There are 2 protein chains.
Amino acid sequence: MAKVTIADIAREAQVSVTTVSRFINGNYGKMSQATRTRIQETVDRLEYRPSASARRMRQQSTHVVGVIVADISNVFSSLLFSGIYAQLQPAGYDVMLMNANNSTTQEHDEINRLLSQEVDGLIIQPNAREFAAYEPIVSSRTPLVMVDRECADQPDGVAKVVADNEESCHRMGLTLADMGYDNIVVLSRTRSEISAQAARVAGFASAAEERHVLMVPVEADSHDQDWLERRIRTTLDHLSGRTVLVSLMGPLLFDILAALKTLGIRFPNDVGLVSFDDWRWSQYVQDGIYLLEQDPQALGREAARNLLDQIGARGEDRTGDPYARSRQITLPVTVVEADSVLAR
Amino acid sequence: MAKVTIADIAREAQVSVTTVSRFINGNYGKMSQATRTRIQETVDRLEYRPSASARRMRQQSTHVVGVIVADISNVFSSLLFSGIYAQLQPAGYDVMLMNANNSTTQEHDEINRLLSQEVDGLIIQPNAREFAAYEPIVSSRTPLVMVDRECADQPDGVAKVVADNEESCHRMGLTLADMGYDNIVVLSRTRSEISAQAARVAGFASAAEERHVLMVPVEADSHDQDWLERRIRTTLDHLSGRTVLVSLMGPLLFDILAALKTLGIRFPNDVGLVSFDDWRWSQYVQDGIYLLEQDPQALGREAARNLLDQIGARGEDRTGDPYARSRQITLPVTVVEADSVLAR
DNA sequence: TTGTAGGCGTTATCAT
DNA sequence: ATGATAACGCCTACAA
């Protein structure tokens with residue numbers, strides 16, 4: 001039993017392929033009720049399913065969107081995808097998901113694969129610092145949305161959906177200084193070239209500057225747990241006054257908690273603790289952890305809407321340059337208070 | 001600048017499309033070094049990228065695999081995908097990911113979409129209780145692997161990769177009884193028709209039977225937090241002796257923790273607490289939580305390997321019935337001890 | 001209301 | 001070592 005084609009249906013139902021094609025596409029306008037039911041019956045009987053591959057040949061659109069996330073095993077990325085999918089699926093778009101795994105070379109390969117698939121659009125949580133890595137996408141005129149992270153040299157015409165990282169961290173820095181913390185130790189883990197963490201560090205830096213407190217950046221990169229413990233221990237030993245630790249990404253908080261446990265350092269008494277988080281587990285750690293919270297699903301939804309606008313799937317004129325409909329959006333970061341920091 | 005095709009390259013490089021095609025497919029065997037470099041140069045210059053859609057027309061294989069997870073915003077599903085992707089990507093397969101969102105009707109729709117895409121294979125974390133929902137896949141001879149959950153009436157010929165749910169829960173039940181717990185309250189949250197939780201309940205039930213202790217199943221379904229609190233309060237009020245609460249899925253543990261907090265019930269003193277978990281956050285809640293731990297990534301990897309074997313992508317003879325190469329695999333559940341339960 | 005035929009970009013077969 | 005050409009399954013003018 002070879003694949004059932006439109007021709008098989010036509011033959012069995014005693015009509016032409018054109019009529020069947022019309023039927024498949026819901027073009028019932030010019031078609032007698034008799035033939036319509038006859039075709040329906042045949043389609044059901046032979047379990048006919050139109051070939052998406054063949055369709056794509058004839059149409060300009062594949063109705064497939066490509067998504068590249070930085071690290072799918074990070075909850076942030078999976079919630080991001082969840083938001084994207086919730087928008088695209090109802091709109092009739094299938095999604096190819098790729099995991100760059102924090103690697104720019106893998107990301108590069110995946111962009112090529114997706115362009116080869118002739119996807120109708122691309123949503124990327126970028127890894128590369130230079131926008132050059134994404135030029136091939138633009139030069140193929142494929143609708144594109146960058147989400148969560150930003151290249152410094154990204155052209156204005158390219159869509160972008162990010163959280164309000166710098167501003168929120170600036171405010172948080174002021175708050176911590178006002179609570180009487182003398183030192184703000186900012187821990188990040190940047191395995192890829194770019195990340196939202198850079199903007200966050202900048203926010204804390206300017207706040208520290210403004211309030212004349214000390215900001216100490218610590219890049220954990222891919223160092224191991226031992227390294228982190230030693231680093232925290234040493235840093236705290238050399239600082240005088242009250243210190244607060246800030247984790248710039250959810251997963252890193254795990255490692256910091258483990259380190260504090262091993263070192264026998266308690267919060268909020270020995271040290272304050274604040275973290276970015278994309279989930280709700282940290283509220284159960286002691287009396288909860290003071291959080292900077294993003295909404296990854298909202299980021300995903302906005303990114304997908306943005307993309308659909310470019311594709312022109314929402315009824316607007318789909319002529320002209322898709323990039324003309326690109327938008328740059330910033331979503332808020334909210335603060336969740338908890339007792340892991342202490343005002344003096 | 002319309003899409004650049006193989007014909008454009010042929011014209012520019014002064015060769016036939018056949019030669020270009022050979023080049024694209026790395027068929028350099030019969031080709032002068034001169035033409036080879038000439039084509040290479042032209043391809044680079046015009047930024048030619050072969051059309052995956054057109055390829056599929058000519059070949060039987062799309063090199064695309066479909067994956068349907070139950071709920072992508074659940075960490076389990078995203079780690080599952082991560083394991084699947086890590087196997088599939090290096091093997092040259094692109095992945096379409098769909099989120100059934102715990103809905104059988106949505107799952108049904110997604111199966112159709114994926115079959116329309118003519119995917120080379122399908123990995124499903126099933127929602128439907130009856131295998132009938134997946135018959136269309138089998139009848140189209142599409143390689144298939146069911147993962148994490150199982151339909152009771154699944155044919156032997158269909159591949160399956162699951163965790164050792166019943167047996168591990170049976171052993172856990174015995175352990176808890178031996179620790180002196182008189183009542184085992186088993187909380188589940190089954191929003192879809194099927195889930196791995198059923199097997200877990202069965203395991204606890206047989207253990208309770210064997211040790212003559214009481215097993216009380218509580219299905220939280222989609223009830224809200226208030227309901228859960230009342231239910232826990234009432235249940236505990238009516239039980240005499242020592243009681244342990246068991247959460248059959250990671251996310252439910254959140255809600256249980258919140259309920260206990262509100263009710264002012266402490267563990268391990270007032271009640272014991274045990275949970276299934278797919279992540280590592282719970283170790284930071286008090287002194288950690290006694291866990292039954294699966295390895296979702298391993299489940300994903302095994303499922304993907306299983307699928308690749310069926311597709312015949314790993315060099316075996318790819319003739320005959322793909323289903324003949326289906327395997328049914330059970331992976332272990334490990335126990336992580338912690339002080340959220342107390343031996344009498 | 002229904003049918004015919006050409007073409008979408010590739011690859012496979014069969015020449016040269 | 002290289003070419004010409006016929007499919008693959010569908011859609012869409014253009015006819016009838």
Side-chain angles (χ1 to χ4, degrees), chain A residues 1-40 42-43 46-64 112-113 115-120 140, chain B residues 1-40 42-43 46-64 92 113 115-120 140:
Chain A
M1 46 173 149
K3 188 159 181 21
V4 179
T5 80
I6 206 172
D8 298 326
I9 305 296
R11 188 169 12 77
E12 292 281 323
Q14 315 268 25
V15 293
S16 78
V17 290
T18 312
T19 310
V20 179
S21 176
R22 290 210 183 94
F23 173 87
I24 299 300
N25 294 290
N27 228 320
Y28 309 127
K30 28 191 88 171
M31 191 181 308
S32 71
Q33 187 60 39
T35 52
R36 178 169 166 182
T37 52
R38 194 146 33 84
I39 295 178
Q40 179 63 271
T42 318
V43 164
L46 302 193
E47 295 188 314
Y48 168 73
R49 229 181 297 273
S51 152
S53 315
R55 279 198 146 130
R56 298 180 182 180
M57 289 288 302
R58 279 292 323 205
Q59 313 181 171
Q60 71 293 3
S61 135
T62 58
H63 271 234
V64 173
N112 278 328
R113 292 173 80 144
L115 288 179
S116 257
Q117 292 288 352
E118 297 160 293
V119 291
D120 283 353
S140 72
Chain B
M1 43 170 153
K3 185 157 180 23
V4 22
T5 78
I6 208 173
D8 299 326
I9 306 295
R11 188 170 10 79
E12 293 280 323
Q14 315 267 29
V15 293
S16 78
V17 291
T18 310
T19 309
V20 179
S21 176
R22 290 207 182 92
F23 173 88
I24 298 301
N25 294 290
N27 227 321
Y28 308 127
K30 28 192 88 171
M31 191 180 308
S32 72
Q33 188 60 40
T35 51
R36 178 168 166 183
T37 50
R38 194 145 34 85
I39 296 178
Q40 178 65 271
T42 317
V43 164
L46 302 194
E47 294 189 315
Y48 168 73
R49 228 181 298 273
S51 153
S53 315
R55 280 201 147 129
R56 299 180 182 180
M57 289 289 301
R58 280 294 323 204
Q59 313 185 168
Q60 72 294 0
S61 134
T62 58
H63 272 231
V64 173
R113 292 173 82 141
L115 288 180
S116 258
Q117 293 288 351
E118 297 161 293
V119 292
D120 283 352
S140 71

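The structure displayed is predicted, hence computed values, not measured ones. The chains referred to below are lettered A, B, ... by the order of the sequence lines, with proteins before strands, and numbering in each begins at 1.
When the C1' atom of dT2(D) is taken as reference, atom CZ of Arg36(B) falls 16 Å away, rounded to whole Å. Rounded to whole angstrom, the span from the CZ atom of Arg11(B) across to the P atom of dG3(D) amounts to 14 Å. For the pair Phe23(B) CZ and dG3(D) P, the interatomic distance rounds to 15 Å; values are reported in whole Å. The CD atom of Gln117(A) sits 14 Å away from the C1' atom of dG9(C) (whole-angstrom rounding). When rounded to the nearest whole Å, the span between CD of Gln14(B) and C1' of dA1(D) equals 17 Å. Distance, Leu46(B) CG to dG9(C) P: 14 Å, rounded to whole Å.
Without hydrogens or angle criteria, Arg49(A) side chain to Ser116(B) main chain gives no donor-acceptor distance under 3.5 Å.
Here OG1 of Thr19(B) is found 13.5 Å from CZ of Arg36(B). Values are rounded to the nearest 0.5 Å. To the nearest 0.5 angstrom, Arg38(A) atom CZ is 11.5 Å from Phe23(A) atom CZ. Distance CD/Gln59(A) to CE/Met57(A): 11.5 Å, rounded to 0.5 Å. Rounded to the nearest 0.5 Å, atoms OG1 (Thr37(B)) and CE (Met31(B)) are 11.0 Å apart.
Of the N and O atoms on the side chains of Glu118(B) and Ser53(A), at least one donor lies less than 3.5 Å from an acceptor on the other residue.
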Exercise for the section: For nucleotides 7-16 of chain D, just jot down a letter per nucleotide in 5' to 3' order: B, S or -, based on protein non-hydrogen atoms under 4.0 Å. Expected result: BBBBBB----
